*Asks:* 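Following this message is one structure expressed as structure tokens.
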Amino acid sequence: MSYSKSQILIDTNRTIASISPLLFGGFVEHMGRCVYEGIYDPKSPLADERGLRTDVLEALRDQAYSVIRYPGGNFLSGYNWLDGVGPKEKRPSRRELAWQSTESNQFGTNEFMEFCQAINAEPMLAVNMGTGTIQSAADLVEYCNVPGGTYWSDLRTSHGAHQPHNVRYWCVGNEMDGPWQIGHLDAVAYGNKALEAAKMMKWQDPTIKTVLCGSSSDKMLTYPDWDRIALELAWEHMDYHSMHYYAGNHDNDTTSYLASVVALERFVDTLEGTLRYVKAKRRSKHDVYLSWDEWQVWYKGDPMQGSWEEAPHLAEEIYNLEDALVVAQWLNVFLRKSHVLKIACVAQVVNVISWMHTRQDGLLKFPSYYVFKLVSNLARGEALDVGVRAPVVETKLYDGVPALDVSASFNAETQEGAVFIVNRSETDPIFADIEWQDRPSVCIRQAWQLAGTDPKETNSWERPDHLVAKEIAAPPVDNGRSAISLPPMSFTVLSTGIE
Ligand code: AHR
């Protein structure tokens, strides 16, 4: 077998920006079995006294989620948050129109806060801009963040939550550009409503950070005008602008699919340009950053409507090797764009378009689980601008792309670093020389690799550990130089320190 030669050049002074810890977030929606039978399942023998599934909690902690966005999603735009608070036996059961399911409301805002505490993640709440009013949005901020002595804060106390939740991150609506959204608006109507909602919400608590709804994907006909118009209207009252994107191998063209980060990178670049344009146009000193608060692979066609069942099986995608390699490159994009991208939430954390599936007696993890876990635990400090020389892979959709997709991080405080390398060639192993140009004393402490021979291979209940990231021998480093062999369709992670 002949190897192609490549080079990875790292200089810890060549930084992009600090990596925001909030890039490793997740999303929990009242959809399918994400909440019920996912994170919350009081009847399960695996549940704790709060009804939270302990095996799910452990896996979420293992992935080091920093922030969780809740409660939707399309669900949000028909949701009255008052249905989900107070004594459980008095909470209404409702027909939920977005996913045509029945919502029991047994899990709501206060249960979500307990869940976030249990996994040590920051809550990110979303307010309804579909059927919801700017008043109900501001009331929820008061309910959550005001210590007491007012109507809504006392109501929270009466529900047993004596301390304020101090929720810092607030999404002002969800995908309001989409005609599928309950109460969909055009960009002008949404920009104006979001501005007025954010004003009231910040009057309730000036320390909160707000997120404007951006385009639901770069395929929307209104993209990127939607973003520009909504931003021009609401700029001064917003801190983040959201992006959503679901990738997929729609034409079963693995070569192009494995290069689809080209489109993801372009999406960020366009929105970064839009942010700069609006800031200049408004003569503003204020900055708005990007929040990629829904991202994942999603295209395999599992049902999306629940026939009015409670916790129906919806969008329970099975993820394979090629999906995991797309996820790995997506995370590389997060690091490479860390100067403008500050929040990201994978949709969703369990069962629904998720790399974890539950059943009564256990939890199954698909290969992307191991990819996310490695990056979210190791990417710390500054993102580095890595130089890469690699053979070119020709693709139908994106022309020629380098076979290697790489990102790296370095934490000056601990002197620890990490390198994340995808070989997206389906056929060619690559032998890469790695050079730390400013650090002759660097050593590789640990290395892991996830690799397979068939892009469609994956884990199953019968073979749950078929594709996992395996620890491999750490390659030796001599005077800042090392070399590593990267199999085709592989993800390799190196964690580094100094001798
Ligand atoms: O995450 C599933 C759905 O995808 C969300 O409800 C919606 O925001 C998006 O279209």
Side-chain angles (χ1 to χ4, degrees), residues 25-36 38-39 65 67-79 81 96-101 103 107 112 124-132 169-185 190 194 211-223 226-227 230 240-248 250 264 267 290-306 311-319 323 327 330 343-357 368 372:
F27 171 44
V28 167
E29 175 168 11
H30 285 258
M31 172 181 177
R33 299 191 311 128
C34 181
V35 172
Y36 309 108
I39 61 178
Y65 280 107
V67 61
I68 304 284
R69 175 172 175 257
Y70 171 85
N74 298 344
F75 167 82
L76 171 73
S77 298
Y79 181 54
W81 63 266
E96 194 286 292
L97 298 182
W99 306 115
Q100 310 246 307
S101 306
E103 173 55 52
F107 187 96
F112 172 67
M124 180 180 189
L125 284 185
V127 293
N128 176 352
M129 288 287 107
T131 58
Y169 299 96
W170 292 84
C171 302
V172 186
N174 175 72
E175 292 189 352
M176 294 302 293
D177 61 328
W180 59 85
Q181 200 66 213
I182 298 171
H184 154 68
L185 298 170
Y190 169 67
V211 187
L212 186 70
C213 289
S215 286
S216 299
S217 87
D218 65 348
K219 314 280 180 315
M220 298 297 292
L221 292 176
T222 47
Y223 165 78
W226 166 278
D227 302 83
Y240 299 91
H241 183 70
S242 83
M243 319 166 57
H244 288 183
Y245 196 99
Y246 292 95
H250 298 280
L264 305 180
F267 191 22
L290 295 177
S291 168
W292 205 326
D293 44 42
E294 281 186 37
W295 69 271
Q296 181 53 295
V297 170
W298 184 12
Y299 71 103
K300 290 176 183 161
D302 206 45
M304 290 209 294
Q305 296 299 324
H313 285 245
L314 301 183
E316 301 208 0
E317 300 251 317
I318 310 270
Y319 293 118
D323 302 325
V327 164
W330 215 318
I343 302 177
C345 303
V346 66
Q348 301 184 8
V349 301
V350 64
N351 287 332
V352 177
I353 35 175
S354 173
W355 48 63
M356 287 194 341
H357 285 184
S368 339
F372 183 84

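Indexing begins at 1, ligand by ligand and atom by atom, following the structure's order. We number each residue from 1, following the sequence as shown. FYI, side chains are in, hydrogens and waters are out, and symmetry mates aren't considered; it's all heavy atoms of this structure. Note that the coordinates shown come from a computational prediction; the quantities given were computed from them, not determined experimentally.
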*Asks:* Under 4.0 Å from any heavy atom of Q348, which atoms of ligand 1 are there?
*Replies:* 1 (O), 2 (C)
*Asks:* Got a donor-acceptor contact below 3.5 angstrom from the Y319 side chain to the V297 backbone?
*Replies:* yes
*Asks:* Would you check, one step at a time, whether the test side chain to side chain contact (heavy atoms under 4.5 Å, CB included) holds for R69 with N174?
*Replies:* CA-CA 11 Å; R69 175 172 175 257; N174 175 72; 2.8 Å; yes
*Asks:* Specify side chain, backbone, both or neither for Y245, according to which of its non-hydrogen atoms lie closer than 4.0 Å to ligand 1.
*Replies:* neither
*Asks:* Using the benzene-type ring in the case of Trp, are the ring centres of F75 and Y70 under 6.0 Å apart?
*Replies:* no
*Asks:* Strictly under 4.0 Å, does any heavy atom of W298 approach an atom of ligand 1?
*Replies:* yes
*Asks:* Give, for atom CH2 of W292 and atom SG of C345, the distance between the pair rounded to the nearest 0.5 Å.
*Replies:* 12.5 Å
*Asks:* Around atom 6 (O) of ligand 1, find the nearest protein heavy atom and jot down its residue, atom name and distance.
*Replies:* E29 OE1, 2.6 Å
*Asks:* Check whether any N or O atom of E175, backbone or side chain, sits under 3.5 Å from an N or O atom of ligand 1, and answer yes or no.
*Replies:* yes
*Asks:* Within ligand 1, which atoms have a heavy atom of I353 less than 4.0 Å away?
*Replies:* 1 (O), 2 (C)
*Asks:* Decide yes or no on side chain to side chain contact (heavy atoms under 4.5 Å, CB included) for L125 and W81, but give the supporting numbers first.
*Replies:* CA-CA 11 Å; L125 284 185; W81 63 266; over 6 Å; no
*Asks:* Short list, please: which atoms of ligand 1 are under 4.0 Å from a heavy atom of G73?
*Replies:* 5 (C), 6 (O), 8 (O)
*Asks:* Verify the distance criterion only: is there a donor paired with an acceptor across the side chains of H30 and E96 at less than 3.5 Å?
*Replies:* no
*Asks:* Check each atom of ligand 1 against the heavy atoms of F27 and keep those under 4.0 Å away; list them by number with element.
*Replies:* 1 (O)
*Asks:* Using a 3.5 Å cut-off on N or O atoms only, is E294 in polar contact with ligand 1?
*Replies:* yes
*Asks:* Polar-atom distance check: Y246 versus ligand 1, any N or O pair below 3.5 Å?
*Replies:* yes
*Asks:* Can you confirm if the aromatic rings of Y190 and H184 lie within a centre distance of less than 6.0 Å?
*Replies:* no
